[in-house]
Structures are given as structure tokens and as C-alpha cells.
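Here the structure is a predicted model, which means the values were calculated and not measured. Both ligands and their constituent atoms are indexed starting at 1 by order of listing.
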Amino acid sequence: MAWTNSKDAALRERAMAVIPNGMYGHQSVMLLPDDYPQFYDRAQGAYLWDTDGNRYIDYLCGYGPNLFGYGHEAIDAAYVDRMKRGDTMTGPGQAMVELAEALTAQVSHADWAMFCKNGTDATTMAMMIARNFTRKKTIVLAKGAYHGAAPWCTPLKNGVTEADRANQVFYEYNNVESLEAAVKAAGSDLAAIFASPIKHDTFVDQELPDPAYARRARELCDEHEALLIVDDVRAGFRLARDCSWSLVGVKPDLSAWGKAIANGHPISALLGAEKARFAAATIYATGSFWFSAAPMAASLATLKLIRDTDYLERTIALGERLRAGLDEAAGRHGFTLRQTGPAQMPLIMFDDDPTGAKAYFWNNALLKRGVYFHPWHNMFMTTAMTDADIDHTVEAADVSFKLLKAAGPLPPVEKLAFLHSMVD
Ligand code: PMP
């Protein structure tokens with residue numbers, strides 16, 4: 001079938017009338033290359049179909065939740081079974097206790113668990129618990145890191161007051177001196193250091209954590225009786241079967257989880273160490289849908305796969321195959337890619353592409369060949385991908401490099417310049 005987007009175009013037009021800007025937040029494709037569809041009909045395994053019936057190998061994985069494949073049989077069976085007996089009830093089901101037991105057994109720093117819906121809920125609770133624990137206010141965060149869409153952390157300033165952002169000091173990720181300076185600026189008021197497990201900011205190369213930086217963050221929290229918070233919402237269980245900072249031998253006091261923990265069913269979690277238990281028990285935190293039983297059953301089934309399968313090694317192998325294939329194809333056409341971060345969470349950008357023109361052209365060409373990539377956000381591998389999917393992707397990339405070369409000099413991407421102008 002030839003690539004079309006006529007149904008999507010009609011839906012966008014209708015959306016413009018009844019949804020602000022037709023779509024909002026990180027899932028608005030308005031700022032992506034021109035032909036990206038906004039609406040989808042179906043997803044199965046590693047594939048996604050838009051409303052026009054075009055099929056894509058989906059490297060966004062729902063922006064992270066799809067770890068074991070869309071529509072995974074065992075996970076969805078657990079979900080459906082629980083849903084039929086009752087999902088959102090007046091109180092939680094026994095799955096809540098079982099899931100707290102499973103997560104605290106899985107994540108070595110954790111002695112207790114709380115559940116919520118979105119990553120933002122978990123990071124916001126982490127901040128509140130740290131302030132409740134310490135009776136101090138200042139939070140030290142890495143510049144440019146994403147922790148959610150609440151007023152205290154959303155990347156755009158519209159609708160946000162100075163008071164919403166009070167008591168925050170920023171440091172450069174992986175830079176010990178900058179972290180020490182931020183902690184010094186917090187003085188006697190340090191409540192917490194927030195850290196992403198890896199640097200996975202948009203538009204810039206990803207970075208693995210320098211163990212010296214992670215260890216210093218731990219020490220500084222201990223010296224100041226503050227809490228160390230790892231935001232594992234995006235990378236959780238994609239880098240390790242434990243908290244991601246287990247890879248650098250550092251245990252946080254609190255870790256925030258979401259996305260992959262139920263393979264796409266709506267649930268997030270905050271895990272914590274014993275010392276923060278009372279502080280966690282004495283904040284007010286709740287939500288109408290936070291105790292729904294079916295996503296908890298789905299999360300239990302997901303954790304079983306995390307424990308019992310080679311999913312992690314599989315996603316790493318797939319990511320490495322992709323990385324090597326793309327490097328080779330790029331080289332054949334005289335391009336250099338910047339492929340950064342863990343292979344199973346790839347970020348792919350072009351060297352020498354200050355206006356994003358190469359990336360936008362190449363990603364658009366890939367899209368029309370059935371490959372859904374992102375030009376400036378990290379992507380994800382799923383165990384549902386096969387070697388054949390990776391090989392198809394590399395072939396599509398090869399053709400797209402050829403077209404990019406033939407296109408010659410390209411104009412700057414205006415929508416990217418607009419986007420950069422809106423962010424702090
Ligand atoms: N922290 C990180 C590191 C994230 O990547 C995200 C979501 N992209 C969040 C927090 C917020 O999660 P949610 O969108 O589920 O609120």
C-alpha cells in the first residue's frame with residue numbers, strides 16, 4: 001500500500017476545532033517532520049498502525065511503556081482477568097500488596113512502595129516526601145532534565161509562577177563541581193538531590209552516569225541529611241533489573257517509576273528506603289484512579305517477565321545490531337551519526353546538523369518506509385522486535401541516506417527554531 005495520510009489529515013482538522021492546538025504536550029506531532037501521523041488505530045508487538053492503515057516499526061514504544069510488545073498476551077490476560085472482577089473500586093485489591101512485595105523484592109534500595117498513575121505523580125510525591133522528611137525546602141536538580149509536567153517541573157514557563165519554581169537550584173549532569181556548587185548554594189536548606197539515571201535530555205547527546213558523580217551525590221545527601229532521588233520513570237527496568245543506579249553501585253533513598261512497569265497499563269510507583277517511610281506515610285497523596293486493580297495485575301505479570309526472561313539482554317542485542325547497521329549505512333553515504341546512550345535506549349542525531357534539516361529529512365523518509373524514529377528524543381527497543389525488523393530498518397535508512405545526499409543543501413527547520421525559543 002502506498003503511504004497516505006488522508007484520514008489523519010481529516011482528524012487533525014476536526015481536532016483543531018475541539019482540542020487546543022489539535023493536540024498538546026509531548027505527543028503533539030506538530031513539531032516533528034511534516035508527514036508524521038497524529039492519530040493511531042492499532043498496535044501489536046513492535047508495530048503501530050496509523051488511521052490510514054500505514055504500518056510502522058515503532059521505535060518510540062509509546063514513549064517508553066512498550067517493553068515486551070504491544071498487546072502482550074500474558075500481561076494483557078492478567079489485566080483482563082482482574083478487570084472483569086473489578087478494576088476501579090472503592091478501595092484497592094490484593095494486587096496492591098502483592099505488587100508492593102514484588103517491587104521491594106526486585107529493587108534493592110526499596111523497603112516500601114506507593115502507587116499512582118503518571119511519572120509526574122511519582123516525582124512530585126518524591127519531592128514532597130523529601131521536604132517532609134527533612135523539614136527543608138531546597139531541591140537540587142540537573143539542568144535540562146525532565147521530571148514531568150507539573151508546575152514545579154514543566155519545561156515551558158507559560159502558566160507557571162515564580163513561586164511554583166522557588167527553592168530549586170540547578171547543576172550540570174555528571175559534573176561534580178557543579179553539583180557541589182549547587183549544594184553549597186542550597187546552604188542549610190537542602191531537602192533533596194534529584195538525578196536522572198542517565199542524561200536523557202532532548203536535543204543533546206545522551207550520557208551514562210559517571211560513577212564519581214553518582215557517588216558524590218550520595219555523599220552530599222548523607223552529609224546534609226537530605227534525600228537522594230533517582231527518577232527512573234523513563235529508564236526503569238530498561239538498564240537493569242534493579243534501580244538503574246545499581247549499575248554504578250549507588251542506592252537512592254527514593255526512586256520514581258512509571259512507563260514500562262506495566263508494559264503500557266496506567267500505573268506508576270514511588271519506591272523508598274526505610275528511613276523515609278514515616279515521611280511517606282504523613283503526606284497526603286491520592287487519586288481517583290491510583291488504586292485500580294487491573295494495572296497492578298498487569299504490572300505483576302510484567303515483573304514476572306522481568307525476573308524470568310532474558311528481555312534485557314535481548315533489547316541490548318537488538319539495539320547493538322541497529323546501532324552497528326546504521327553506522328555502516330551512514331558511512332556508505334558520507335554521513336556521521338551521533339548515536340548515544342545505552343543501545344536499548346538509542347538517541348540518533350546527525351553530526352554537523354545545527355538546524356535539524358538533515359535529521360528532519362531523513363526521519364521523514366524513514367517514516368514513509370515504515371520506520372517510526374524520532375529526530376531529537378531518545379527511543380526504545382522492545383523484545384517484540386526481531387532481527388528482521390532491525391535489518392528492514394537499516395535498509396530503509398540506507399535508502400533514506402541516499403535521498404538525503406541527493407537532496408543537497410536543505411533549509412533550516414523553522415518549527416525547531418520556534419520550539420527552542422519557547423523552552424527556557
Ligand atoms: N520523569 C522522566 C524521566 C520522564 O521521562 C517522564 C515522562 N517522559 C516523567 C518523569 C513524567 O512521566 P509522566 O509523563 O508519566 O507524568
Side-chain angles (χ1 to χ4, degrees), residues 23-29 31-32 58-67 107 114-130 139-156 160 168 170 173-174 192-204 206-209 214 217 228-240 243-245 252 254-271 285 287-290 292 295 298-299 302 340-342 344-347 374 376-381 419 423:
M23 182 60 199
Y24 41 88
H26 75 294
Q27 294 207 351
S28 171
V29 297
L31 297 167
L32 289 181
D58 176 17
Y59 286 89
L60 261 287
C61 288
Y63 280 85
N66 173 10
L67 176 57
V107 174
M114 293 170 81
F115 300 106
C116 32
K117 281 291 118 181
N118 280 286
T120 308
D121 301 331
T123 55
T124 302
M125 281 202 300
M127 181 180 70
M128 290 173 70
I129 290 168
I139 309 287
V140 163
L141 312 111
K143 218 176 282 173
Y146 187 75
H147 296 299
W152 69 271
C153 55
T154 182
L156 300 192
V160 174
Q168 297 183 353
F170 292 89
Y173 195 89
N174 265 343
I193 296 177
F194 251 88
S196 306
I198 59 173
K199 181 172 173 175
H200 47 27
D201 306 349
T202 45
F203 301 109
V204 294
Q206 297 193 89
E207 282 178 39
L208 297 178
L228 178 61
I229 302 167
V230 167
D231 177 357
D232 235 340
V233 170
R234 198 183 312 178
F237 295 137
R238 287 192 170 272
L239 308 184
C243 175
S244 296
W245 269 18
L254 302 173
S255 57
W257 300 72
K259 300 214 184 257
I261 65 168
N263 202 50
H265 294 287
I267 184 165
S268 59
L270 181 67
L271 306 183
S288 299
F289 303 105
W290 284 18
S292 303
S299 184
T302 306
T340 56
Q344 66 275 36
M345 288 178 67
L347 174 64
H374 199 292
W376 43 261
H377 190 290
N378 80 271
M379 304 184 284
F380 305 87
M381 310 303 284
L419 179 62
V423 181

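- By the neighbour-count criterion of 12 heavy atoms within 6.0 Å, atom OH of Y24 is sparsely surrounded, having that number or fewer from other residues, nucleotides or ligands.
- Between D231 and H147, the side chains place a donor N or O and an acceptor N or O closer than 3.5 Å (distance only, hydrogens not considered).
- Residue K259 holds the heavy atom nearest to atom 7 (C) of ligand 1 of all those in R234, H200, H377, K259.
- Classified by interplanar angle (parallel below 30°, tilted 30° to 60°, perpendicular above 60°), the ring pair W376/H374 is perpendicular.
- A pairwise comparison of heavy atoms in I198 and P209 identifies CG2-CD, 3.7 Å as the closest pair.
- Within ligand 1, counting atoms from 1 as listed, the ones closer than 4.0 Å to a heavy atom of H147 are 1 (N), 10 (C).
- With ligand atoms numbered from 1 in the order given, ligand 1 contributes 11 (C), 12 (O), 13 (P), 16 (O) to contacts under 4.0 Å with heavy atoms of T120.
- Heavy-atom separations between Y63 and ligand 1 are all 4.0 Å or longer.
- Near G148, meaning under 4.0 Å from one of its heavy atoms, ligand 1 places the atoms 10 (C), 11 (C).
- Counting heavy atoms under 4.0 Å from ligand 1, residue N118 touches it through both backbone and side chain.
- Checking N263 against T302 by side-chain atom types alone, no donor-acceptor pair falls below 3.5 Å.
- Residue G119 approaches ligand 1 through these ligand atoms, each under 4.0 Å from one of its heavy atoms: 11 (C), 12 (O), 13 (P), 15 (O), 16 (O).
- Heavy-atom minimum distance, K117 versus S292: NZ-CB, 4.3 Å.
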